[in-house]
Amino acid sequence: MRTFLRLNLHHPLILLTSLPTMTASLALPSISLNSSSFSGLRNGKGAPLGIRSFGRSRVSMTASVGSQTLQSDALFADYKPNFAFLFPGQGAQAVGMGREAQSVPAAAELYKKANDILGFDLLDVCINGPKEKLDSTVISQPAIYVTSLAAVELLRARDGGQQIIDSVDVTCGLSLGEYTALAFAGSFSFEDGLNLVKLRGEAMQEAADAAKSAMVSVIGLDSDKVQQLCDAANQEVDDANRVQIANYLCTGNYAVSGGVKGVEAVEAKAKSFKARMTVRLAVAGAFHTSFMEPAVSRLEAKLAATQIRTPRLPVISNVDAQSHSDPETIKKILARQVTSPVQWETTVKTLLSKGLKKSYELGPGKVIAGIVKRMERSAEIENIAA
């Protein structure tokens, strides 16, 4: 029999250590408060990059047990959002993006650094295409990541832009955009983030190539009806073609992923469930389902070798719509993200219910602004393109 000593940091129970029973004495763990000054994105040597200091210090709480130090994952449990940065995911790309960024040296520098990491001219593909090349998973993901962070630099360069950046107290991103949000929050350097995104795109493409799968948007139904539609489709296909909701975007707009035959069954049955329409998505395969399982091990290995720090502000996870501060927990969540449904609807609802005053969509497209406005017409959101 073993006894577990627990320490309550905010509200989650943090398991500290296990001690055998009949121990003569119990030594309580010491708690230390460490004030860490985060300075935004830095290069691999710790020197400031084009994206400079994003502002405030944050206090991180750790618990020391013997020689071990355990990071609390509840640092931002009681966050109160006022101003949010929201970053787009795959699908937001468009030929011509990145052109405006070349007018700001700090933004243009990000594309130059990206070329060295990726081994090709990313800016040329962003500006000139062709569309088919830009739309590929292995290119669109790094392209959106870089362009979104370039948009931060465009904002910084305008009058009052630094004040806006300093006012941001929460950030999140749609699928791929979660990596951009973590980079903005100082969890990893621009270079490390781009290397992760590059590997993510390659691993997801390989997983998609390994099985026939697809995604389709179902428009005009609530999530319960879409789930019923998936259940009906799954009754007509084998296990290898089953489908599930992969992206909970907003009421009336949910993406379904799975085997091609299952997706075809969803499309065939959608009208009988009173769906307004279905739209097949131009993606490589069934993202955010078990079809992406082959990508997980590669992501885990890359994440394990990457330095990830406690973010300087809350970053809301796609997996559980919660903020996380423990670097090891963040690594596990990022690995799980590619096989887990995106909880974007819950994320936005939570931000609005907590009193969010204004949000900014940074990067290509206006997909996120459309979703936010659909959920709350009075919500204030500004697009910052690059």
Side-chain angles (χ1 to χ4, degrees), residues 34 36 38-51 54 60 62 67-73 75 87 89-90 110-120 122 137-146 148-149 171-173 175-210 287-288 290 292-312 315 317-320 323-340:
N34 302 318
S36 301
F38 294 91
S39 57
L41 297 177
R42 293 178 173 270
N43 65 24
K45 297 180 180 179
L49 185 60
I51 295 185
F54 288 123
S60 74
T62 61
S67 62
Q68 293 181 327
T69 300
L70 301 178
Q71 175 78 47
S72 166
D73 192 45
L75 181 60
F87 295 100
Q90 188 173 349
L110 297 181
Y111 288 92
K112 294 177 183 177
K113 290 180 179 293
N115 292 348
D116 294 336
I117 293 171
L118 299 173
F120 63 88
L122 178 67
T137 298
V138 295
I139 291 180
S140 63
Q141 293 199 21
I144 293 166
Y145 171 85
V146 174
S148 296
L149 291 174
T171 183
C172 52
S175 187
L176 158 73
E178 187 171 338
Y179 287 77
T180 320
L182 285 164
F184 170 74
S187 279
F188 41 68
S189 68
F190 169 80
E191 291 93 337
D192 284 348
L194 183 55
N195 273 304
L196 286 169
V197 168
K198 176 178 181 290
L199 183 279
R200 182 181 188 264
E202 292 168 351
M204 292 174 72
Q205 182 66 58
E206 288 183 13
D209 291 342
F287 297 161
H288 299 291
S290 59
M292 292 295 108
E293 193 64 40
V296 173
S297 59
R298 291 186 62 189
L299 270 171
E300 287 175 335
K302 188 71 173 179
L303 287 161
T306 302
Q307 182 186 8
I308 293 185
R309 298 174 288 273
T310 298
R312 64 182 181 83
V315 179
S317 163
N318 282 257
V319 172
D320 58 8
S323 61
H324 297 278
S325 53
D326 172 42
E328 292 305 312
T329 300
I330 292 170
K331 289 182 180 184
K332 292 175 182 177
I333 282 177
L334 288 178
R336 285 175 50 205
Q337 192 217 59
V338 293
T339 59
S340 302

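As a basis for the values below, the full set of heavy atoms in this structure was taken, side chains included, without hydrogen atoms, waters or symmetry mates.
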Peer 1: Take Thr180 and Ile144 through the side-chain contact (heavy atoms from CB on, under 4.5 Å) test and state the conclusion after the steps.
Peer 2: CA-CA 9 Å; Thr180 320; Ile144 293 166; 5.6 Å; no

Peer 1: Which atoms form the tightest heavy-atom contact between Ala114 and Leu122, and what is the distance?
Peer 2: CB-CD2, 4.0 Å

Peer 1: State, with a plain yes or no, whether a side-chain heavy atom of Thr171 is found less than 4.5 Å away from one of Pro311.
Peer 2: no

Peer 1: With a 3.5 Å distance limit and no angle check, can you tell me whether Tyr145 reaches the backbone of Phe190 through a side-chain donor-acceptor pair?
Peer 2: yes

Peer 1: Suppose we screen for side chain to side chain donor-acceptor pair (under 3.5 Å). Which residues come up paired with Gln205, at least two apart in sequence or across chains?
Peer 2: Asp209

Peer 1: So which heavy atom on Glu178 is nearest to which on Leu334, and how close?
Peer 2: OE2-CD2, 3.8 Å

Peer 1: Find the distance between CD (Gln337) and OG (Ser317) and round it off to the nearest 0.5 Å.
Peer 2: 7.0 Å

Peer 1: Testing the basics here: between Ala335 and Val296, what is the closest heavy-atom pair and its distance to 0.1 Å?
Peer 2: O-CG2, 3.8 Å

Peer 1: In a check of side-chain contact (heavy atoms from CB on, under 4.5 Å) between Val138 and each of Lys198, Glu202, Glu206, Met204, which one passes?
Peer 2: Glu202

Peer 1: Identify the heavy atoms of Ala181 and Gly173 that sit nearest to each other, and give their distance.
Peer 2: CB-N, 4.1 Å

Peer 1: With rounding to the nearest 0.5 angstrom, report the CD1 to OG1 distance, Ile308 to Thr329.
Peer 2: 11.0 Å

Peer 1: Do the side chain of Lys302 and the main chain of Asn195 share a donor and acceptor less than 3.5 angstrom apart?
Peer 2: no

Peer 1: Scan side-chain atoms only and decide if Gln90 and Thr137 contain a donor-acceptor pair under the 3.5 Å cut-off.
Peer 2: yes

Peer 1: Does the Gln141 side chain pair with the main chain of Arg200, one donor and one acceptor, at a distance under 3.5 Å?
Peer 2: no

Peer 1: Quick one: pull up CG in Asp73 and OG1 in Thr310 and give me the separation to the nearest 0.5 Å.
Peer 2: 9.0 Å

Peer 1: Does atom CZ of Arg336 have more than 12 heavy-atom neighbours from other groups under 6.0 Å away?
Peer 2: no

Peer 1: With distance as the sole test, does Ser325 use its side chain to make a donor-acceptor pair with the main-chain N or O of Ser72 at under 3.5 Å?
Peer 2: yes

Peer 1: Ser290 side chain to Glu293 main-chain N or O, any donor-acceptor pair under 3.5 Å?
Peer 2: no

Peer 1: At what distance, to the nearest 0.5 angstrom, does CD1 of Ile333 lie from CG of Asp320?
Peer 2: 5.0 Å

Peer 1: Work out which heavy atom in Val197 is nearest to a heavy atom in Pro142; give both atom names and the distance.
Peer 2: CG1-N, 3.5 Å

Peer 1: What distance do Phe188 atom CZ and Thr306 atom OG1 have between them, rounded to the nearest 0.5 Å?
Peer 2: 8.5 Å

Peer 1: For residues Leu176 and Gly89, report the shortest heavy-atom separation together with the two atoms involved.
Peer 2: CB-CA, 4.2 Å

Peer 1: Please check: side-chain N/O of His288 versus main-chain N/O of Thr339, any donor-acceptor pairing under 3.5 Å?
Peer 2: no

Peer 1: What is the distance from atom CG of Leu110 to atom CG of Asn115, rounded to the nearest 0.5 Å?
Peer 2: 11.0 Å

Peer 1: Is there a donor-acceptor contact under 3.5 Å from the side chain of Arg309 to the main chain of Gly186?
Peer 2: yes

